[in-house]
Amino acid sequence: MNKSVNKGISVLLATAVLASPVMLEPKAAYALSIEDVSADSTRVDEETEYTIEFEINKDLSSGDSIFVRFPSDYSVDKKLKKSDVKLEDDDDDKISIDSVSVSKNVVEIEVDEKIKKGTVLILTIDNITNPEDKGSYEIEVKTSAETSYKGEKITISKSSSSSSSSSKGDFEASSSSKNAEDSISLTLGKFNLSSKSKLKEGKYIYVNFPSKDMLPKSISKSDVKVNGYKPDYVSILDSDSIRIEIPSGADGDSYIKLEFTSSAGIVNPSKPDKYYSYEIEYNSKEYKSKDVEITNTSNTPFTVSLSDSAAGARTSYTFDVDLSNKLGSNAEIEVEFPNGVTVPPVLTSNSVTVNGAQVTNVSVLGNKVYFRTPYGFTSTNRASIKFAFEGYLTTPRTAGTYTVTAKIDNKTYKSKEFQVSGVTPPVAVDNTLATVGLTRATASTPAGISIGIKAMGAPIVRNQGFIEVVLPVGFRVPAYLPANTVTVNGVAASFVGVRGQNLIIIPAQDIPAKTVAQVNIAETAGIVNPATPGVYSIGVYNSEERGLLFSRPATIVALNGVSFKQSVASFTKAGKTTGLAVAPYTVNGNTLMPTTFFRDALGFSISYTKTTAKVVSGNTIMQFKVGSNVATINGKNVTLPAAVQLKNNVPTLPLKTITERTGYKIIYVNGNYTVYK
């Protein structure tokens, strides 16, 4: 049950005047004002949600707290979570909460942002159990700015007022249509209030609708009347209830009559039934409407036409829908396809038309596409919707019968079943040697990705099929990747889409079955490694084969790991790039590094001349001679994989020999190295 009273309780000011000749400046006695306390249910021993509306008269800062004290007869969940509590102002702006805790029957809510004095707050707390005995109970509130609580009483009863009313309901509910999903105008009442109750300006009337699919996102107060008067405020509380502030014109009335125009955006429930009813709540009393019947619509299923009906084929979709209401400009349309793989992650407006007119505001969410008719659209009872071949939609991958659903102006239309035919199954391929590697392995660092697919089980047709790369949570993936930052077999991709952590890569060339596909994603694409070091699994799929092609682990190391590239005279550590006297290079497959690298990048102690070099790490002492492939390590001769060379007057030493003896590891991907410990 909900109830509310006037907003804007006046601030209490106290002025102290002393009898002595010295006058002190008056001080304000800041007082919190409770405007309303209500509960979803006021039945005894009922677990319910409480709403407390109050005005603060002193600023709150981030870290300050709001305290709500329930009487000892109540039961408060000791494990109350942030998700059980909601705090917002009377403009419906959400206020951040840092933490929620419970001590005895006191709920402490620590706020995470500044709140100005004079703000009216609406605090909702779930998982509160009412007392076992009926009666009047006081709920108390204070903040960090007050030393004492302010209270407001609420009545707990054995049953709701509606339980004592007749089974036929307290009032009539009439609408402009009984058809499921039709847009309607709606009248609730007129009916008399109980117990000599009267409407009071500024208090709230709550309306609970019988189904969660009836309300729009918002309702204008100009589309609502209370006893013939426009209310001061209308807000949607959740998917099936609204709150209406009583206007001055209805003040003192002993009855309620609510009217909603057809432009309010209310629609009938989508499911036909004989026993729908509305509930109106005011002043802790509930009133229930007589039953309302919702009937089936007379919609005729529409026919879906495909340009290619083979399973997994790229195709256009065309269908004509006969509408029960006229469709005008800027009308919202939602089309739900059989499954998510039929829809690319991004669609442009020039790929979708209604009655030949290009639509606006196209967006994709899974297997649903949302768009609007353009401004100036000619009003009509028939919608011819087309998704062009250029939109990259495909049929489902599996042969069978499917349907499409279109929701047009909040009314749902379903298609007849259409047939998708079978295709040749993929051939068996071996991807056990397939690879995935990162160009940089350090945490929180932009990285490229190299993916070596050994073979495809089915051909991928250019500009139609796709390769899908799934990055685990932790990787930061931008909302958009330019196609020229991704190549497939050396050619820039035709299109790259982003769906959450998934990259959809459409090649610009055919990839036959049983052939290699090398995918390279450049560092400039904007993918960033996870902030937490560890091993992450990267998965690879494609549009033509069911299930995972393969996945490979990728090791992310701490930010103090050292990255460098072949033939580039610098290294990067902790985000800082430092120059090298000599660029890393290879001799017979072995990487040689300038002696200074081991000092500047790894922190070893070094000394060198044009003919010798000495590297010390802890108890390990390594001595090298220019031109020799034999080194002395802790007094023992060791054969090197490549002889020491002199470059730019600095000896260059075999990297692997030194890292193996100092506990370091090397990650190598396409000329990119990361050395870490």
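In this text, all values refer to a predicted model and were calculated from it rather than measured experimentally.
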> Extract all donor-acceptor atom pairs below 3.5 Å that involve side chains of residues 566-574 and protein atoms in other chains or at least two apart in sequence.
residue: Gln566; atom: NE2; partner: Tyr668; partner atom: OH; Å: 3.2
residue: Gln566; atom: NE2; partner: Tyr673; partner atom: OH; Å: 3.3
residue: Thr572; atom: OG1; partner: Thr577; partner atom: OG1; Å: 3.1
residue: Lys573; atom: NZ; partner: Ala601; partner atom: O; Å: 3.0

> For the pair Lys82 (side chain) and Ile97 (backbone), establish whether a donor and an acceptor sit closer than 3.5 Å, ignoring hydrogens and angles.
yes

> In chain order, what residues pass the ring-ring contact (aromatic ring centres under 6.0 Å, His included) check against Phe550, with sequence neighbours excluded?
none

> Test of understanding: with side-chain contact (heavy atoms from CB on, under 4.5 Å), list the residues that count as partners of Val346, not counting sequence neighbours.
Phe495

> Indicate the atoms forming the closest heavy-atom contact of Ala554 with Leu438, along with that distance.
CB-CD1, 4.0 Å

> How would you list, by chain and number, every residue that makes a salt bridge (Lys or Arg N to Asp or Glu O under 4.0 Å) with Arg382, sequence neighbours excluded?
Asp320, Asp322

> Would you be so kind as to tabulate the donor-acceptor pairs closer than 3.5 Å made by side chains of residues 450-460, with sequence neighbours excluded?
residue: Ser450; atom: OG; partner: Gln518; partner atom: NE2; Å: 3.0
residue: Ser450; atom: OG; partner: Asn520; partner atom: OD1; Å: 3.3
residue: Ser450; atom: OG; partner: Asn670; partner atom: ND2; Å: 3.0

> With sequence neighbours left out, what residues match Asp510 under salt bridge (Lys or Arg N to Asp or Glu O under 4.0 Å)?
none

> Test your reading of the model: is there a side-chain donor-acceptor pair from Glu113 to the backbone of Ser96, 3.5 Å cut-off?
yes

> Do any pairs count as a salt bridge (Lys or Arg N to Asp or Glu O under 4.0 Å) and have a residue in residues 358-376, sequence neighbours left out, and if so which ones?
Glu334-Lys368

> One pair to check against ring-ring contact (aromatic ring centres under 6.0 Å, His included): Phe564 and Phe597. What are the steps and the verdict?
CA-CA 10 Å; Phe564 60 90; Phe597 169 83; 5.4 Å; yes

> Under 6.0 Å from the NZ atom of Lys114, do we count more than 12 heavy atoms belonging to anything else shown?
no

> Going by salt bridge (Lys or Arg N to Asp or Glu O under 4.0 Å), name the pairs with one or both residues in residues 474-489, residues two or more places apart or in two chains.
none

> Verify side-chain contact (heavy atoms from CB on, under 4.5 Å) between Lys411 and Val267, making sure each step is shown before the conclusion.
CA-CA 8 Å; Lys411 191 172 185 64; Val267 298; over 6 Å; no

> If you apply the rule side-chain hydrogen bond (donor to acceptor under 3.5 Å, both in side chains), what do you find for Asn355 with Ser384, and how did you get there?
CA-CA 5 Å; Asn355 296 353; Ser384 179; 4.8 Å; no

> As a test of understanding, state which of Thr360, Thr353, Val335, Asn361 forms a side-chain contact (heavy atoms from CB on, under 4.5 Å) with Phe371.
Val335

> In chain order, what residues pass the salt bridge (Lys or Arg N to Asp or Glu O under 4.0 Å) check against Lys81, with sequence neighbours excluded?
Asp84

> State which residues pass side-chain contact (heavy atoms from CB on, under 4.5 Å) with Thr432; sequence neighbours excluded, sorted by chain then number.
Asp430

> Identify which one of Val470, Val477, Leu471 satisfies the side-chain contact (heavy atoms from CB on, under 4.5 Å) criterion when paired with Asn502.
Val470

> Tyr317 pairs by ring pair (Phe, Tyr, Trp, His ring centres under 6.0 Å) with which of Phe387, Tyr402, Phe337?
Phe337

> Within the distance-only criterion (no hydrogens, no angle test), does the side chain of Thr315 pair as donor or acceptor with the backbone N or O of Ser307 below 3.5 angstrom?
yes

> What residues, two or more places apart in sequence or in another chain, satisfy salt bridge (Lys or Arg N to Asp or Glu O under 4.0 Å) together with Lys212?
Asp240

> Show me the pairs that pass salt bridge (Lys or Arg N to Asp or Glu O under 4.0 Å) and involve residues 431-443, at least two apart or across chains.
Arg440-Glu523

